[in-house]
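Some notes on the structure that comes next.
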Amino acid sequence: MKNNHFRTVNPSTNKNIPIDYPQASIEEVNQSVILAKDAFISYRGKSQIQRAAFLRQIIVCLNNLKEEIISICHLETALPLGRLEGEFLRTTGQISMFADLLENGSWVDAIIDTAQPDRKPTPRVDLRQMLIPLGPVAVFGASNFPLAFSVAGGDTISALASGCTVVVKSHPEHPGTSKFLANAITDALSLCDLPEAVFQLLQGDTHQLGAELVQHPEIKAVGFTGSFSGGKALFDLANQRPEPIPVFAEMGSVNPVLILPNTLASNGDEIAKGLAQSVSLGVGQFCTNPGLVFFVDSEGSDEFLTTLDKLVQEIPSATMLSPSISGNYKIGLTRLKRTPKLTSVTKGIESEDANCARTEFFITDFDTFCSIDYLSEEVFGPVSLLVSVSEEQINSIPRQLAGQLTASIFGDPQDLIRYKHSIESITHLVGRIIINGYPTGVEVTHAMVHGGPFPATTQVQSTSVGTQAIRRFTRPVCYQNFTQDLLPDELKDDNPLMISRKINGIIK
Ligand code: NAP
């Protein structure tokens, strides 16, 4: 492995932040995972109420360090303070939601099929099922959500809520933020008298570190948010292990938007306004950024494009998260600019400042879109490709799309009925389908799905946002013929936790 320390860069100045962070060694990876395995034996035995109390203590400890976290995070990511305040609240809010889930207790999906000793021709045994935690989990945070999808983000918290222990490989571009977030969790563990190794942080800026972690035989699952190349590399490594493990990688998406003809004619101005805002939000650095917009070349399309142009020209540039993200954005834009039959239709205000990006929209026709594969790939940043289609081509759109986190359909009631088969086909390609709304702004709720078919994720049956995210780090186990005293409380006849259960096929 390279140097035993690393630094990160302030993206606003392009200068090194003069703080050295120790680079974890391969030996430390091994030690951490062994400790996480031992801690799992104790932690998995804690009740849901004890785990909920731990999560609530993490919130207290995060709040104690809030000022330090936000100030270093601002330095390391250039994200505005207001945005970081909001993301901090989202982070503590999602921890609180998982604590509520544990206090309610019913998420374990308890199912009881009672014995039928008199059943003919053979008696039926007593069978009881519930979800149990998998074991030590490796978590990789994203650069674009340094709080909500990072060290104390949704993956870590849902794994800890499930009863798993966690080893985080933090994102190398916000090591100071990661350290403070980890300190809050470690403080909470100590205050709750839980083993230190329930949560551990590994810092470093080499792929080797993450690769070793995923391949460690005692790691039982992986949570990842970031690039397609990173997620797929870790997924492949996990599948090559003697014991393959699930990798829940949430990667990129172009989040197609389809604007149907009636609504374009009647509401084009409003749609243009929302689109300009959604594409430029957070300098386009959201995995739900609407990077592809199909609109019907019909009455209203000229007005829609004129309004979009006017609005985009007023959008200021802003600093991206890192020199590498800004560099990749420039490469993506250059490729679009060099593409025949594709033109830039509108741009935001330019800036010479370090790592600044401006919002930009390109336009092409459907045949060109269909003939060039990379036009359906994500360019991470405030850019979107408008594709003009005829009414006849609308039904062909789903065939041109790979798996996505989201798709948005704009239509009036008549449009929606007329194109309901296309909408249904698109539904089968995405994790979340939106009517008359934009994909940015992922609510953290029970019903949210932030996932979708490959290549948006490597595990189509899961979500990384919302309470259902806890299921990723669990598996069902069936207890056959267990006596009452041996059963977990969740499955005992007298239901001491008073949770909702399915008994002989009926939810009670
Ligand atoms: P990233 O480069 O994939 O990094 C995420 C984490 O994975 C980091 O800890 C990184 O650390 C590690 N990693 C990356 N490649 C690896 C490999 N081959 N082997 C082992 N570990 C690896 O993601 P990012 O820096 O957050 O963003 C870069 C790109 O990801 C963006 O341009 C965008 O396209 C996409 N993105 C998607 C989402 C989303 O929510 N889906 C969010 C953010 C970004 P090391 O580099 O130290 O190994």
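Atoms within a ligand are numbered from 1 in the order they appear, just like the ligands themselves.
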Item to complete: Decide yes or no on side-chain contact (heavy atoms from CB on, under 4.5 Å) for Ile426 and Leu258, but give the supporting numbers first.
Response: CA-CA 10 Å; Ile426 293 173; Leu258 170 58; 4.2 Å; yes
Worksheet entry | Side-chain H-bond candidate by donor/acceptor type, Ser143 with His174, under 3.5 Å | no
Item to complete: Identify the protein heavy atom lying closest to atom 15 (N) of ligand 1, giving its residue, its atom name and the separation to 0.1 Å.
Response: Gly230 CA, 3.3 Å
Discussion item. Suppose we measure from atom 44 (C) of ligand 1 to each protein heavy atom; which comes out shortest, and what is that distance?
Written reply: Phe380 CZ, 3.6 Å
Fill in: ligand 1 contacted by Ser170 (non-hydrogen, < 4.0 Å)
yes
Worksheet entry | Between His446 and Thr467, a side-chain donor and acceptor under 3.5 Å | yes
Worksheet entry | Taking atom 41 (N) of ligand 1 as the reference point, the nearest protein heavy atom with its distance | Met251 O, 2.2 Å
Worksheet item: Under 4.0 Å from any heavy atom of Glu378, which atoms of ligand 1 are there?
Response: 33 (C), 34 (O)
Response to the item:
Contact region, Ala233 to ligand 1, non-hydrogen atoms below 4.0 Å, reads side chain
Practice prompt. Decide whether a cation-pi geometry holds between Arg44 and Phe473; the criteria are a distance under 6.0 Å from NZ or CZ to the six-membered ring centre and an angle within 45° of the ring axis.
Written response: no
Item to complete: For atom 2 (O) of ligand 1, grab the closest protein heavy atom and report residue, atom and distance to one decimal in Å.
Response: Ser227 OG, 3.8 Å
Worksheet, complete the sentence: For Cys287, the atoms of ligand 1 under 4.0 Å from one of its heavy atoms are 38 (C), 39 (C), 40 (O), 41 (N)
Worksheet entry | Electrostatic pair Arg432-Glu443, nearest N-O below 4.0 angstrom | no
Worksheet item: Would a distance-only check, ignoring hydrogens and angles, find a side-chain to backbone donor-acceptor pair under 3.5 Å from Glu76 to Cys73?
Response: no
Practice prompt. Quick one: look up the protein heavy atom nearest atom 7 (O) of ligand 1 and list residue, atom name and how far away it is.
Written response: Phe224 CE1, 3.2 Å
Worksheet item: In this structure, are over 12 heavy atoms from other groups packed under 6.0 Å from Asp373 atom CG?
Response: no
Worksheet entry | Option whose closest heavy atom lies nearest to atom 6 (C) of ligand 1, chosen from Gly210, Gly226, Gly141 | Gly141
Discussion item. Just to be sure I read this right, does ligand 1 sit under 4.0 Å from the backbone of Leu209, its side chain, both, or neither, counting only heavy atoms?
Written reply: neither
Worksheet item: Do any heavy atoms of Leu234 fall under 4.0 Å from ligand 1?
Response: yes
Discussion item. Can you list everything that forms a ring pair (Phe, Tyr, Trp, His ring centres under 6.0 Å) with Tyr43? Sequence neighbours excluded, please.
Written reply: none
Item to complete: Please write down residue, atom name and distance for the protein heavy atom closest to atom 43 (C) of ligand 1.
Response: Asn144 OD1, 3.0 Å
Item to complete: Closest by any non-hydrogen atom to atom 47 (O) of ligand 1: pick that one out of Lys169, His207, Glu250.
Response: Lys169
Item to complete: Taking only heavy atoms of Thr225 into account, list the atoms of ligand 1 that are under 4.0 Å away from them.
Response: 5 (C), 39 (C), 40 (O)
Item to complete: Check ligand 1 against Thr206 and write out every atom of the ligand that is under 4.0 Å from a heavy-atom position of the residue.
Response: 47 (O), 48 (O)
Discussion item. Under 4.0 Å between a side-chain nitrogen and a carboxylate oxygen: does that hold for Asp100 and Arg56?
Written reply: yes
Worksheet item: Within a strict 4.5 Å, meaning less than it, do heavy atoms of the Val312 and Phe361 side chains meet?
Response: yes
Discussion item. Between Asp309 and Gln313, is there a side-chain donor-acceptor contact under 3.5 Å, judged purely by atom types and distance?
Written reply: yes
Fill in: Under the ring pair (Phe, Tyr, Trp, His ring centres under 6.0 Å) test, residues paired with Phe369 that sit two or more places apart
Phe294
Worksheet, complete the sentence: among protein heavy atoms, the one nearest atom 27 (O) of ligand 1 is Ser143 OG, 3.7 Å
Worksheet item: Is the shortest side-chain N to carboxylate O distance from Asp20 to Arg7 below 4.0 Å?
Response: yes
Worksheet item: Against heavy atoms of Ala142, which atoms of ligand 1 measure under 4.0 Å?
Response: 26 (O)
Worksheet item: Backbone, side chain, both or neither: what part of Pro172 comes under 4.0 angstrom of ligand 1, heavy atoms only?
Response: side chain
Worksheet item: Which residue supplies the protein heavy atom nearest to atom 25 (O) of ligand 1, what is that atom called, and how far is it?
Response: His171 NE2, 2.6 Å
Item to complete: May I ask you to list the atoms of ligand 1 that are less than 4.0 angstrom from any heavy atom of Asp205?
Response: 47 (O)
